[in-house]
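The block underneath contains the structure these notes are about, expressed in structure tokens.
The sequence lines fix the lettering, A, B, ..., with proteins before strands; numbering per chain opens at 1.
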Amino acid sequence: MQGLVRPAFAAALAVTLLPGVATAQDDTLVIALPTFSEQTMTPWSGSGQRKTYLDLVYEYLVYLDGDGNAEPGLAESWELNEDGTQWTFNLREGVPFSDESCGTVTAADVQYSIERIIAEDSRAGPASTMRRIIESVETPDDMTVVINLSAPDFLLDTGYMGEAQQTGIVCRSYVEGLGEDADTAPPVGTGAYVLETSVEGSEITLTRREGDHWRVSPEWPSISFRAVPEEATRVAMLLAGEADIAPVSFDSIPGLEEADISIVSAEQTWSPVIRLGGIVQTDPARHNPDLPWADVRVRQAMNYAIDKQTIIDELFAGQGTVANGDTPVQAWADVPPYPYDPDRARELLAEAGYPDGFDMVLRTFATTPGAELPLMAEAAALYWADVGINVTIEPGDWPSIRSEWTSGEAWNYAMTHRGFPFANPENGVEAGFSDRSIFASFTSAELEELLAGLASETDRDARRERLTEIGQYIRDEAGAVFMVLANEPYGVGPDVGDWSIDTAYVYNFDQAGRAE
Amino acid sequence: MTRLIVGRLAEALAALLLMSLVIFLLSRVTGDPVALLLGDSATVEDRDRLIEQLALDRSLWDQYLTFLGNALTGDFGQSVAAGRRDALDLVLERLPASMSLAAVALCFTLVTGIAMGVLAAITRGSAVDIVVRIVALMGQSVPAFWLGIVLIYVVSVNWGLLPTSGYGTWQHYVLPALTIGTFTLAAVTRLVRASMLDALGSEYVKLARIKGLSEATVILKHALSNSLIPVVTFMGAFFATMITGAVVVETVFAWPGIGRLAYESIVSRDFPVIQTVVLVITALFILANFCVDMLYLAIDPRMRDRG
């Protein structure tokens, strides 16, 4: 009976309701995102999460190939002086802004864009670091931009001017004309799309610009972003055909694959880690030598005690590798991760004076990506219990924990964290392991010396060697409990053809293909 | 009557003032937006500079009095997370979506709840009564976020009848209104059933029956009209439940209302927006209760006489 009633009921309702069901339209690529973040429209007025939609409007001096190497963007070529303190970018001629009154990109636009990103009121993620290293921006002529640095930086092109960062090039006259209203006004850039509508907290729609674009050939006439904070709802949108692309958790992958939704993963774009409080050894306010993990042997034991590969297989659907640090760094490719060795962990704990282990608190929370962090905490606690470390897990929320963590005290707990996927890996290292950073979780006098050596190194190859040395040091000192270099999965509906993400914060939505 | 209205207005102002203080202090208990606004590589100097920019270095009382003084002139401050937009503008922009959803949910609740309550009362002890009571009990027990997700998967994904989420057409209202209204539906059903049972056993209903009036007239005109007075009394509370329930339901259904704005502003510790959202919701709550009081005066002669 039930088998008859339900389809009949559904059919009856369908006649009434179906015309209004919103499915992903044929000409519109619908992308469901957890958040629009600030939903402001200038590169400097908010976080990098807005790059999902702003990257369709703004373009960068430098783009990245699949391996993360620099490719010409709005800058056709560039050179670096001997000691790495001056970069000269030669701009591409004749790239038009979407607003005709802006004309084409000039050095003045680039200079203004950089100066706004590093301004004191900038809310861009890299603003702080960029402000420290960029001394001045000069424009010797209309098509040349010179960036003078206060310290050598051999990765400025991909690190700060590249598409993985926030230095999108704006039209100077348009932004200056709008004043403070520019943050919420329709953005004008050189990208292949222009903003059509922006409904606060709901939907952002962009349409393809007419004519050929110099860099990409977008196949979708329109791209619509929907803000959908609940992951289960995003998955439902994919299953119902209402969304074409959406970030999903590893848990949702089997169900989506069963329904013929393909999974595209951005490889190693985040790095789940467990940070230990109170071991910023070079800052007395953030250092507590009485903590068990103030002893390097305990920190090493905590790393040895966890079978990270099993955690990757079970919680991350096998999509990741065992981490050797808290951020993916090419120069650390040869730094070995800690193997799973509970016996060695017990030995080290005994040597450190904790043969029966100790009690500790592990705080955890979910983020996007990062729905797996609370489960990862549970798994780590089980492995640690096996070597005598008794963990009390305290669930929380990221804003509260982050606020506390960065307040400058010596916290006596550990926390799960999603890691630092910085476009410039040197910044990731500094963020986690230099006492200059309010976020640092481990430092030592030796490490600060190594970092200072890196900052002043003016030879590119020697700099890479120093970075490798730093990675090995942080690994040996067990500056954190390094867990996973994880992928970031996206569900992709059947209407989408080729589409991939190669690097963190590079979404390539303007290059998404349409299925035949 | 005038004394009652003036009294209610004074109470409303006192409630708003108290609420402004409570939300001002509570929102600061779990930290500030500074850490969230700073990049991961920010320095101590960056943090200090931002604290100064946001005037968070001043004493709490100083901050509160400044906020209160500005709020009295209609200036609720600028969002620290949403591009320095005016906090009140942000809230007012999202308000229609929440109000329209609450209105639809309230209509659904009243129409369905009253019908189910009457049905259960006139079939007291029957299978229908038992089913209605079980449904009412479940409605009050089921968490809104769970019900919302189940409805999305059954109605939208499996049956393909309605959109999973979003805002714009009448179809978008159905599932969120159903989810948000289920809790109050159960309350209305139980309330109407109990009132109807009282009314059906009363002297005036017996008299109506003795006079030979039809059963429909007895139930709808005599019993039901008197049974609705308690429902009217609780309408303010129902409305408040719907507005506060919107925080969860609007998140599940990606509904761009003030409930989701509240959630987003709490996550980003956007103090001006948190304060404005809560004060607007409080004002709505007070307004709804005021309207109920006035309605109650209009429909109950005894209250008019007392007033």
Side-chain angles (χ1 to χ4, degrees), chain A residues 10 13-14 17-18 20-22 32 35 37-42 45-46 120-121 123-129 131-132 180 183-184 199-203 226-230 232-233 236-237 239-240 242 397-400 402-408 420 422 427-428 430-431 436-439, chain B residues 30-47 49 53 79-85 90 93-94 97 145 148-149 152-153 155-172 174 251-257 260-261 263-264 266-269:
Chain A
L13 274 180
L17 305 177
L18 263 181
V21 173
T35 174
S37 199
E38 294 87 350
Q39 206 171 340
T40 47
M41 296 296 163
T42 49
S45 58
E120 286 198 351
D121 63 348
R123 298 280 163 83
S128 172
T129 322
R131 199 157 42 228
R132 283 204 301 275
E180 281 193 0
D183 290 344
T184 48
V199 182
E200 178 65 31
S202 177
E203 187 171 358
R226 311 273 164 84
V228 186
E230 175 57 45
T233 311
M237 288 179 76
L239 293 171
E242 291 176 27
D397 68 299
W398 176 224
S400 304
R402 181 177 168 122
S403 183
E404 191 175 272
W405 190 270
T406 55
S407 63
F420 292 125
F422 275 79
N427 301 137
E430 191 176 285
R436 284 204 302 184
S437 162
I438 56 170
F439 206 87
Chain B
T30 59
D32 56 44
V34 173
L36 294 169
L37 291 171
L38 289 169
D40 287 333
S41 58
T43 63
V44 176
E45 293 75 37
D46 295 322
R47 186 180 60 201
R49 187 185 306 118
Q53 275 177 15
S79 163
V80 297
R84 301 183 188 107
R85 292 183 60 193
L90 272 174
E93 205 172 289
R94 300 272 194 112
F145 71 89
I149 289 170
I152 287 173
Y153 276 81
V155 179
S156 303
V157 176
N158 288 348
W159 297 353
L161 298 176
L162 291 163
T164 58
S165 56
Y167 174 67
T169 67
W170 69 266
Q171 286 95 338
H172 287 103
V174 180
T251 302
V252 169
F253 287 97
W255 192 268
R260 221 175 97 207
L261 182 64
Y263 167 77
E264 289 162 355
I266 289 167
V267 166
S268 58
R269 300 296 188 272

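- Ranked by heavy-atom pairs under 4.5 Å with chain B, the list A:Ala236, A:Ala431, A:Ser437 is led by A:Ala236.
- Between A:Asp397 and B:Arg269 there is a salt bridge, since a side-chain N of the basic residue sits under 4.0 Å from a carboxylate O of the acidic one.
- For A:Glu200, the parts lying near chain B are the backbone and the side chain together; criterion is any non-hydrogen pair under 4.5 Å.
- Summarising the local packing, OH of B:Tyr153 is surrounded by more than 12 heavy atoms from other residues, nucleotides or ligands at distances under 6.0 Å.
- Side chain of B:Arg47 to main chain of A:Ile438: no donor-acceptor pair is present (N/O by atom type, distance under 3.5 Å, no hydrogens or angles).
- Judged by distance alone, the side chains of A:Glu230 and B:Thr251 never bring a donor and an acceptor atom under 3.5 Å apart.
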### Task
Any chance you could lay out the side-chain contact (heavy atoms from CB on, under 4.5 Å) test for B:Val267 and A:Trp398, step after step, and finish with the verdict?
CA-CA 8 Å; B:Val267 166; A:Trp398 176 224; over 6 Å; no

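- With a 4.5 Å cut-off on side-chain heavy atoms, B:Phe253 and A:Val228 do not count as touching.
- Put simply, of B:Pro256, B:Pro33, B:Ala42, the one with the most heavy-atom pairs under 4.5 Å next to chain A is B:Ala42.
- Within the 4.5 angstrom heavy-atom criterion, no atom of B:Val34 approaches chain A.
- Both the backbone and the side chain of A:Thr406 come within contact range of chain B, each with at least one heavy atom under 4.5 Å from a heavy atom of that chain.
- Residues B:Asp46 and A:Arg131 meet the side-chain proximity criterion, which asks for heavy atoms closer than 4.5 Å.
- For A:Thr42, no part lies under 4.5 angstrom from a heavy atom of chain B.
- Only the side chain of B:Leu90 comes within contact range of chain A, with at least one heavy atom under 4.5 Å from a heavy atom of that chain.
- A distance of 13.5 Å separates OG1 in A:Thr233 from CH2 in B:Trp255, rounded to the nearest 0.5 Å.
- For A:Glu242 against B:Leu162, the heavy-atom pair with the smallest separation is OE2-O, 4.1 Å.
- Contact annotation for A:Glu120: both backbone and side-chain heavy atoms come within less than 4.5 Å of a heavy atom of chain B.
- Residue contact with chain B, scored on non-hydrogen atoms closer than 4.5 Å, involves the backbone and the side chain of A:Ala227 alike.
- The minimum heavy-atom distance between B:Thr43 and A:Ser128, with the atom names listed, is N-OG, 3.9 Å.
- Under the side chain to side chain donor-acceptor pair (under 3.5 Å) criterion, A:Arg402 pairs with B:Asp40, not counting sequence neighbours.
- The side-chain heavy atoms of A:Thr40 and B:Arg85, taken from C-beta on, include no pair separated by under 4.5 Å.
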